[in-house]
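Structure first, commentary second.
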Amino acid sequence: MPHEKQLDFADLFGRFYARQYGFPPMAGRLLGYLFVCDPPFQTIDQLSEALLASRSAVTGAVKLLEGYRMVRRTRAAGERLDRVSLDPVSQQPQHFDSAVHKEHAAVFREGLALLTDAPPERRAPLEEMIALAEFLAVRLPALLEEWQELRGRLNQPADSTTVGTEADPIPAHQPAPTSTRTTLGEHSP
C-alpha cells in the first residue's frame, strides 16, 4: 500500500475514533497507521515522520493508547529505542463478560428503588437500562462463542475466497501471526 494511502487510512481512522470514542485525532491516526504500516513495529521517530506529527504528539498518543492496552512498547536486547506496535491483548473481545451486565442491572435496580413513587416516565430510563443490561447478560455469552468460532476460522488458511456463512461472508485472507494481529473490538475510553 503506498504511503499516501496509509496516511489517508490513518486520517480516516483518526476521525472515526475522535467522533465515536472522543479520542484525540492523533491517537486515532496513530492507531490506524499501526494497523497498516510495515514493519508493524515502529519507533517514535518513525511514527512521527510517517504521520507528519511532532515527537511529543506521537508520544502522548502512545501513552494514551497504552493506557487502553491498544498499543505497547517493546525493546529488543541491545536496542536503545522502544518500538511501538498494536497490543495483542486488544484483539481479545472486550465487554463480553455477562457478570458485568448483571451487576449493571443490579445497580440500576438500586436507582429504580429510589423512584418507587415516581411517575412512569421518570422510572422509564432506569427500567430500560435494566432491560438492556439483562438482555446483554443473556445474549453476550452466545455472541462471544460465535465470535471465537468465527475467529478460529479466520485464523486458518482458507480454501475458498470467503469464510463465514452465506448470509455473512468474510473475505478469506492469509492471517498475520496472532501476536501482531488485532481487531478493533469494542472499546470505550
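It should be emphasised that the depicted structure is a prediction, and the values quoted were computed from it without experimental measurement. Keep in mind that the numbers below use all heavy atoms, side chains included, and drop hydrogens, waters and symmetry copies.
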Exercise for the section: Step by step, work out the side chain to side chain contact (heavy atoms under 4.5 Å, CB included) result for L31 and F35. Expected result: CA-CA 7 Å; L31 188 59; F35 272 102; 4.0 Å; yes
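- Take T74 and apply the side-chain hydrogen bond (donor to acceptor under 3.5 Å, both in side chains) test, not counting sequence neighbours, and it matches no residue.
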Exercise for the section: Apply the test side chain to side chain contact (heavy atoms under 4.5 Å, CB included) to residues Y33 and F9: give CA-CA distance (whole Å), side-chain angles for both, the deciding distance (0.1 Å), then the verdict. Expected result: CA-CA 7 Å; Y33 184 70; F9 176 75; over 6 Å; no
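- Listed by chain and residue number, nothing satisfies the side-chain hydrogen bond (donor to acceptor under 3.5 Å, both in side chains) test with T59 (two or more places apart in sequence, or in another chain).
- Ring pair Y68/F23: centre-to-centre distance below 6.0 Å.
- Remark: E66 pairs with R73 by the salt bridge (charged side-chain N to carboxylate O under 4.0 Å, His left out) rule, at least two apart or across chains.
- Here the straight-line distance linking atom CG of L64 with atom CG of L30 works out to 9.5 Å at 0.5 Å rounding.
- Judged as a side-chain hydrogen bond (donor to acceptor under 3.5 Å, both in side chains), and not counting sequence neighbours, the contacts of E127 are R123.
- Atom SG in C37 sits 7.5 Å away from atom CG in L86 (nearest 0.5 Å).
- A distance of 5.5 Å separates CG of L47 from CG of L34, quoted to the nearest 0.5 Å.
- Ring geometry, H104 versus H101: the interplanar angle falls from 30° to 60°, so the pair is classed tilted.
- Taking CZ from F108 and CD from E128, the interatomic distance works out to 10.5 Å, rounded to the nearest 0.5 Å.
- Take D11 and apply the salt bridge (charged side-chain N to carboxylate O under 4.0 Å, His left out) test, not counting sequence neighbours, and it matches R29.
- Looking only at side-chain heavy atoms (C-beta outward), S98 and V100 stay at 4.5 Å or farther from each other.
- Residues V58 and V62 meet the side-chain proximity criterion, which asks for heavy atoms closer than 4.5 Å.
- Rounded to the nearest 0.5 Å, atoms CD (Q46) and CD (E49) are 8.0 Å apart.
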Can you give me every donor-acceptor pair (side chain of residues 113-121, partner residue at least two apart or in another chain, under 3.5 Å) with its distance?
unit_1: T116; atom_1: OG1; unit_2: A113; atom_2: O; d: 2.7

